[in-house]
Amino acid sequence: MPDVQIRIPGNPGEYPVVIESGLLSRISPRFKPFEGRKVAVITDENVAPLYAERITAALDAAGVRPVVRVLPAGETTKCMDQLEGLYDFLLTSGITRTDAVLALGGGVIGDLTGYAAATFLRGIRFIQVPTTLLAQVDSSVGGKVAINHPRGKNLLGAFYQPELVLIDTDTLSTLDERQVGAGLGEVIKYGCILDAALFERIEACGSRENLAPLYPEIVARCIELKGQVVFEDPYDRGLRMILNFGHTLAHAIENAAGYGEILHGEAVCIGMVAAAAWGTRLGITPPDTESRIRHILTDYSLPIEIPSGLTAERLFPSMALDKKASGKEIRIVCLEKIGRSRTVPVPAVRLKELMEQLSSAPRCQDANPF
Ligand code: NAD
Ligand code: GLY
């Protein structure tokens with residue numbers, strides 16, 4: 001039963017990330033610091049019937065007054081309309097600066113709720129209770145909160161750390177296989193960029209079935225890795241950009257396909273294969289790396305090809321809006337080998353060429369990989 005404490009510098013300082021199988025059944029004491037306050041529980045229509053009542057009962061038992069807002073599920077919820085609706089709800093519920101919001105769900109709910117927390121009354125207390133593999137290994141820690149803009153992913157956002165992250169890995173048992181896969185994409189990403197042993201372990205397991213018993217351990221390891229990176233670079237000015245391995249193309253695919261059509265974690269898988277190919281062409285990534293990544297993703301039934309129809313021409317404008325872009329250069333993340341990565345500034349014209357080489361190769365698959 002690992003209990004990982006990650007350290008984030010600056011205001012409000014360190015916060016605990018608690019990872020336990022079965023945590024929801026004994027979560028109430030964790031809410032004691034909010035006794036006497038209101039907590040707005042923000043969740044979605046799939047997660048609410050599964051877990052909302054357990055959270056509200058635990059809040060009640062801790063002397064906290066819960067109010068609940070249930071939003072539509074899916075990526076399209078990370079938008080300005082839903083954010084505005086959320087502000088209205090918080091105002092109507094009488095949430096003040098000493099109260100808190102609690103995100104119960106996946107990365108969509110976490111990112112949207114976190115952005116509301118960062119901006120409502122110039123910032124209120126924020127708790128994350130992530131229920132997808134992707135949110136447990138990545139989005140619930142580190143303080144990146146955002147909504148999408150029609151022209152690009154996560155273009156409106158902030159850095160705003162939660163005060164508490166509570167992870168019950170048992171919630172993964174109700175997650176459908178496609179969503180598990182999306183989370184595995186991010187797990188494999190950590191192996192690629194920072195931890196060859198993690199990558200090799202996943203490679204050796206060879207299937208989701210064999211890997212599943214290791215989820216609590218894997219979640220803890222990914223959080224530990226992310227914590228180290230975020231501690232070094234909380235505001236994404238250097239090292240932290242490696243966490244975006246595969247994301248330059250992934251964000252463009254999500255945008256061009258229409259938000260929600262290809263899941264974020266799926267798009268990251270496709271983006272990692274492309275980034276390995278680019279790295280090799282740039283003379284940074286050893287030539288066998290791309291095929292190793294292709295193999296591991298295939299073993300775990302994850303997509304590896306750019307969906308047909310998403311040409312370089314369609315994808316590139318959104319890549320140029322990437323938050324790692326500056327002037328005429330776009331920083332991409334390349335692997336020096338499995339387990340070691342760095343960012344590389346690439347002139348926009350060169351990246352466009354690399355994109356064109358990718359999409360001209362005869363290996364695209366149908367628009368929706370599932
Ligand atoms: P999601 O939030 O859409 O959740 C996926 C689906 O699973 C939803 O339909 C949801 O209702 C359902 N669900 C959630 N938990 C469940 C459970 N336990 N049982 C059954 N169903 C459940 O998607 P996601 O993959 O969790 O998050 C993707 C988002 O996270 C993207 O918007 C991405 O940009 C963002 N993200 C943010 C960061 C960050 O650092 N902030 C990092 C990575 C990804
Ligand atoms: N998911 C990328 C980051 O947190 O920086």
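What you see is a predicted model, and the numbers here were worked out from it, not measured in a lab. Residues: numbered from 1 along the sequence shown. First listed ligand is number 1; within each ligand, the first listed atom is number 1.
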Got the closest protein heavy atom to [atom], with its distance?
atom	result
atom 15 (N) of ligand 1	T131 OG1, 2.7 Å
atom 41 (N) of ligand 1	K144 O, 2.8 Å
atom 30 (O) of ligand 1	G107 CA, 3.4 Å
atom 28 (C) of ligand 1	L134 CD2, 3.9 Å
atom 4 (O) of ligand 1	T132 CG2, 3.6 Å
atom 42 (C) of ligand 1	S139 CB, 3.5 Å
atom 9 (O) of ligand 1	N46 ND2, 3.0 Å
atom 31 (C) of ligand 1	E75 OE1, 3.2 Å

Go through it in stages, so that I can follow the logic: the residues are M355 and T311, the test is side chain to side chain contact (heavy atoms under 4.5 Å, CB included), and I'd like the CA-CA distance, side-chain angles, deciding distance and then a yes or no.
CA-CA 9 Å; M355 267 306 288; T311 56; over 6 Å; no

Quick test of your reading of the structure: of [options], whose heavy atom lies closest to [atom]?
atom	options	value
atom 43 (C) of ligand 1	D44, L172, D138, V108	D138
atom 13 (N) of ligand 1	V180, T43, V47, L104	V47
atom 21 (N) of ligand 1	V137, L175, D170	L175

Per-atom contacts, ligand 1 versus [X] - under 4.0 Å to a heavy atom:
X	answer
A73	9 (O), 11 (O)
K78	31 (C), 32 (O), 33 (C), 34 (O), 35 (C)
T171	17 (C), 18 (N)
Y51	18 (N)
K153	31 (C), 32 (O), 33 (C), 34 (O)
T174	17 (C), 18 (N), 19 (N), 20 (C)
K226	40 (O)
Q179	5 (C), 6 (C), 7 (O)

[X] and [Y]: side chain donor to acceptor below 3.5 Å:
X	Y	value
Q161	Y15	yes
S173	D170	no
T174	Y51	yes
K144	N154	no

Between K38 (side chain) and V67 (backbone), is there a donor-acceptor pair under 3.5 Å?
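Checking the backbone N and O of V67 against the side chain of K38, no donor-acceptor pair under 3.5 Å is found.
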
Quick one: does any side-chain atom of R30 pair with a main-chain N or O of L166 as donor and acceptor, under 3.5 Å?
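Absent.
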
Classify the ring geometry of H264 against H247: parallel below 30°, tilted from 30° to 60°, perpendicular beyond 60°.
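H264 vs H247 ring planes: perpendicular.
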
Specify whether F120 and Y87 have parallel, tilted or perpendicular ring planes, treating 30° as the upper limit for parallel and 60° as the lower limit for perpendicular.
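Aromatic pair F120/Y87 classed parallel.
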
Pairwise distance OG1(T132) to CG(D176) - rounded to 0.5 angstrom
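Between T132 OG1 and D176 CG, I get 11.0 Å after rounding to 0.5 Å.
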
[X] and ligand 1 - part of the residue with a heavy-atom distance under 4.0 Å:
X	result
D176	neither
D111	side chain
L50	side chain

May I have a table of the N/O to N/O pairs between ligand 2 and the protein that fall below 3.5 Å, each row giving the two atom names and the distance to 0.1 Å?
from, atom 1, to, atom 2, distance (Å)
ligand 2, 1 (N), D138, OD1, 3.2
ligand 2, 4 (O), K226, NZ, 2.7
ligand 2, 4 (O), R240, NH2, 2.8
ligand 2, 5 (O), K144, NZ, 2.8
ligand 2, 5 (O), R240, NE, 2.7
ligand 2, 5 (O), R240, NH2, 3.4

Is the closest heavy-atom distance from L263 to ligand 1 below 4.0 Å?
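So L263 does not count as touching ligand 1.
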
Inspect the contact between [Y] and [X] and indicate whether a charged nitrogen and a carboxylate oxygen are less than 4.0 angstrom apart.
X	Y	answer
D299	R208	no
R294	E305	yes
R221	D195	yes
D138	K226	yes
D60	R65	no

State whether the shortest distance between N or O atoms of R240 and N or O atoms of ligand 1 falls below 3.5 angstrom.
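No, R240 has no N/O under 3.5 Å of an N/O on ligand 1.
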
Validation row: T285, C334 side chains within 4.5 angstrom (heavy atoms)
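Sidechains of C334 and T285: in contact.
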
Contact check, side chains of Y115 and L86, non-hydrogen atoms, under 4.5 Å
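A side-chain contact under 4.5 Å is absent here.
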
Taking all non-hydrogen atoms of both residues into account, name the closest pair between V137 and E186 and its distance.
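Minimum heavy-atom separation between V137 and E186: CG2-CB, 4.2 Å.
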
